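Everything below concerns the one structure shown next.
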Amino acid sequence: MRQLSPLEFNLLVEAEQEAALDRNEQMAIQAFFNAVGANAKKLKKPTDIYKRPSESELKRAENSNTIDKKLEQQKALEDFTKQLDLSQLK
């Protein structure tokens with residue numbers, strides 16, 4: 001095994017920490033679904049607890065996120081250009 005540079009090691013540690021947080025989050029979600037399922041009286045199928053979003057719903061959510069991000073970027077650029085001193089360009 002080759003030695004890792006400090007940057008590579010740091011990135012590896014951060015990735016492992018993120019993966020551990022993701023695993024914990026998934027376990028918490030599973031525990032929630034188990035609790036809901038155990039305490040519910042009229043649950044008959046898994047879709048009563050969770051319905052997977054369709055492709056169109058995912059695309060719509062993705063599009064709204066990209067639009068929001070673009071608006072935020074545009075506002076940030078407008079704010080930045082307002083701060084510039086363009087009087088020196090003459």
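As the structure is a computational prediction, the values presented were derived from the model and not from experiment. These numbers come from the heavy atoms of this one structure, side chains and all, not from hydrogens, waters or symmetry mates.
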Option passing side-chain contact (heavy atoms from CB on, under 4.5 Å) with L4 (candidates V13, N10, L12, L11)
L12
From CG (D79) to CD (Q74), nearest 0.5 Å
10.5 Å
Mind checking the CD-CD spacing from E18 to E25? Nearest 0.5 Å is all I need.
10.0 Å
Taking side-chain contact (heavy atoms from CB on, under 4.5 Å) as the criterion, tell me which of N24, I29, D22 meets it with Q26.
I29
In short, salt bridge (Lys or Arg N to Asp or Glu O under 4.0 Å) pairs touching residues 5-14 with sequence neighbours left out are R2-E8
